[in-house]
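Take a look at the structure set out below.
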Amino acid sequence: MKFGETFKEYLHGDQEWFLDKFSHVEYKRLKKVLKSCRTCKATKTEKIDDEENPALSQFCQCQSCPVCDQMFFTELMREATDIAGCFSSRVRHLLHLHVATGMQRYVLRLRQCFKNDQQALVQEGQMLIEYITMNAIAIRKILKKYDKVHCSVNGKNFKSKMRAEHLELLQSPWLIELGAFYLNFNGSDGGEFIQFSGSFACDLSATEPVMTLMLPNSVKLEYDLTCAICLETVFNPYALTCGHLFCKLCACSAASVMIFQGLRATSPDSKCPVCREAGVYANAVHMVELDLLIKRRHKDYWKERLIAERGEMVKQSKEYWESQTKYVIGY
């Protein structure tokens with residue numbers, strides 16, 4: 001079955017009620033744009049000798065096409081932005097319910113006596129993973145088709161642009177969080193293991209700890225869980241808006257702020273230690289589910305890092321308040 005038919009079947013299948021609330025790639029419409037471009041070019045090349053230029057009767061040979069460039073990339077960028085926004089907001093809401101604290105946690109536990117909310121959470125997580133993977137594949141397929149039709153590399157360049165603007169769907173930190181949520185639930189919360197089109201696995205005992213997502217057609221994605229600063233498995237991890245993962249202690253150290261102040265206290269000029277992009281700390285994502293996964297699967301390591309972080313935080317707090325006291329009293 002061609003991907004276009006598979007994607008159409010997905011959009012109008014059992015999850016149609018769920019997908020109606022979300023944006024998605026207009027795969028069929030974008031294919032029509034490419035088809036109209038090919039037809040237009042074929043009309044223009046009717047006068048060219050087919051024997052000398054047989055390829056021109058099938059494909060648009062221009063590197064930049066007004067028909068496509070005006071509609072295709074603008075529309076695709078808008079759709080990718082909407083998809084990334086929908087996905088992150090829904091995952092944030094879902095994970096907030098799973099790791100709720102205080103009164104909200106008490107209310108949720110009370111509701112479980114009458115309704116199986118945990119199973120509903122896992123079901124929504126499953127649908128969100130399928131949603132992001134299917135749309136990511138649709139974007140990859142349509143960009144590949146664009147380059148094939150135009151004999152260009154503009155589709156590849158557009159993927160690089162999406163990566164630069166942090167719209168690469170399968171590299172979203174929220175997808176890593178969703179994978180950790182899925183593994184946490186199936187590993188420790190007493191839930192049933194649910195199979196779907198993609199599956200997560202995590203190996204924290206390896207030299208290089210990774211989380212793996214297996215997509216349809218045997219495509220495998222790996223997410224490195226090593227902090228680029230301390231070179232250990234991330235502890236109390238944060239994902240900067242550029243996508244790089246760090247321990248909170250390491251990220252605060254790199255941004256020249258104290259642990260108790262947090263990453264929101266960083267200067268807008270602070271740069272990622274890996275890619276050197278500025279302004280990536282303010283909206284960093286706290287990877288709560290990933291931290292919980294490491295806590296459950298690597299208990300001794302997690303406790304050791306917790307003691308070290310608390311000791312460093314106490315030390316920094318003491319030094320900070322001593323300096324503030326000296327500043328106020330003058331000695």
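- Atom-to-atom distance recorded for Leu169:CG and Arg140:CZ is 12.0 Å, nearest 0.5 angstrom.
- The aromatic rings of Phe3 and Tyr27 sit perpendicular to each other, their planes meeting at more than 60°, with 30° as the lower class boundary.
- How far CD of Glu124 is from CG of Leu178: 9.0 Å, rounded to the nearest 0.5 Å.
- Enclosure of atom CZ in Arg78 by more than 12 non-hydrogen atoms of other residues, nucleotides or ligands within 6.0 angstrom is indicated.
- Here the straight-line distance linking atom CD of Glu168 with atom NZ of Lys159 works out to 8.5 Å at 0.5 Å rounding.
- Both Ile129 and Leu290 are members of a single hydrophobic cluster when ILVMFWY side chains are connected at heavy-atom separations under 4.5 Å.
- Between the CD1 atom of Ile307 and the CZ atom of Arg310 there is a distance of 8.5 Å, given to the nearest 0.5 Å.
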Stepwise side chain to side chain contact (heavy atoms under 4.5 Å, CB included) test for Leu240 and Phe246: CA-CA 8 Å; Leu240 308 187; Phe246 299 98; 3.7 Å; yes
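- Within the model, atoms CE of Met258 and CE of Met313 stand 13.0 Å from one another, a figure rounded to the nearest 0.5 Å.
- Under the 4.5 Å side-chain criterion, counting only non-hydrogen atoms from C-beta, Ser253 is not in contact with Ile229.
- Ile176 and Leu263 fall into different hydrophobic clusters, where Ile, Leu, Val, Met, Phe, Trp and Tyr residues are linked whenever their side-chain heavy atoms come under 4.5 Å apart, directly or through other members.
- One distance of note links SG of Cys202 with OH of Tyr223; it measures 12.5 Å at 0.5 Å rounding.
- Looking at every heavy atom in both residues, Leu225 comes nearest to Val210 through CD1-C, 4.1 Å.
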Applying side chain to side chain donor-acceptor pair (under 3.5 Å) to His286 and Asn236, what does each step give before you reach the verdict? CA-CA 8 Å; His286 188 195; Asn236 196 6; 2.7 Å; yes
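- The shortest heavy-atom contact between Ala80 and Met162 is CB-CE, 3.8 Å.
- The existence of a salt bridge linking Glu75 and Arg29 is confirmed by a sub-4.0 Å separation between a basic side-chain nitrogen and an acidic carboxylate oxygen.
- A heavy-atom distance below 4.5 Å is found between the side chains of Glu79 and Glu26.
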Worked check of side chain to side chain contact (heavy atoms under 4.5 Å, CB included) between Lys31 and Lys145: CA-CA 8 Å; Lys31 276 190 69 175; Lys145 193 168 188 67; 3.8 Å; yes
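- Asn135 places no side-chain N or O within donor-acceptor distance of the main-chain N or O of His24, the cut-off being under 3.5 Å.
- Between Phe260 and Tyr320, the distance from one ring center to the other falls under 6.0 angstrom.
- Note on Lys8 versus Glu5: no salt bridge recorded, every NZ/NE/NH1/NH2 to OD/OE distance being 4.0 Å or above.
- Smallest separation of non-hydrogen atoms from Cys86 and Ser23: SG-N, 3.9 Å.
- Put simply, the side chain of Asp147 gets close to the backbone of Asn154: a donor and an acceptor are under 3.5 Å apart.
- Checked options Arg297, Arg305, Glu304; the residue passing with Tyr301 is Arg305 (criterion: side chain to side chain donor-acceptor pair (under 3.5 Å)).
- Between Val234 and Cys227 the shortest heavy-atom distance is CG1-N, 3.7 Å.
- With salt bridges taken as basic N to acidic carboxylate O contacts below 4.0 Å, none links Asp291 and Lys295.
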Contacts under 3.5 angstrom, residues 276-285 side chains, donor-acceptor by atom type, not counting sequence neighbours:
{"residue": "Glu277", "atom": "OE1", "partner": "His166", "partner atom": "NE2", "Å": "3.4"}
{"residue": "Glu277", "atom": "OE2", "partner": "His166", "partner atom": "NE2", "Å": "3.0"}
{"residue": "Tyr281", "atom": "OH", "partner": "Lys271", "partner atom": "O", "Å": "3.1"}

Passes ring pair (Phe, Tyr, Trp, His ring centres under 6.0 Å), Tyr146 versus Phe73? Steps please. CA-CA 10 Å; Tyr146 178 96; Phe73 290 121; 4.7 Å; yes
Check the pair Phe158, Met77 against side chain to side chain contact (heavy atoms under 4.5 Å, CB included), reporting the backbone distance first and the verdict last. CA-CA 9 Å; Phe158 182 77; Met77 180 61 79; 3.7 Å; yes
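- Residue Glu208 places its CD atom among 12 or fewer non-hydrogen atoms of other residues, nucleotides or ligands, all under 6.0 Å distant.
- Checked by atom type and distance alone, the side chain of Glu289 never pairs as donor or acceptor with a backbone atom of Asn184 at under 3.5 Å.
- Residues meeting the ring-ring contact (aromatic ring centres under 6.0 Å, His included) test with Phe22, sequence neighbours left out: Phe18, Tyr131.
- There is no path of hydrophobic side-chain contacts, each under 4.5 Å, that joins Met287 to Leu249.
- Residues His96 and His93 are not in side-chain contact: their nearest non-hydrogen atoms beyond the backbone lie 4.5 Å or more apart.
- Across all non-hydrogen atoms, the minimal contact from Thr233 to Cys247 is O-SG, 4.3 Å.
- Scanning both residues, Met134 and Phe7, for their nearest heavy atoms gives O-CE1, 3.8 Å.
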Test side chain to side chain contact (heavy atoms under 4.5 Å, CB included) on Leu292 and Arg296; report intermediate values, then the result. CA-CA 6 Å; Leu292 183 59; Arg296 288 176 171 174; 3.9 Å; yes
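- Cluster annotation: Ile259 and Val288 are assigned to distinct hydrophobic clusters (Ile/Leu/Val/Met/Phe/Trp/Tyr, side-chain heavy-atom contacts under 4.5 Å, transitive).
- When hydrophobic clusters are built by joining Ile, Leu, Val, Met, Phe, Trp and Tyr residues whose side-chain heavy atoms come closer than 4.5 Å, directly or via intermediates, Leu167 is grouped together with Ile142.
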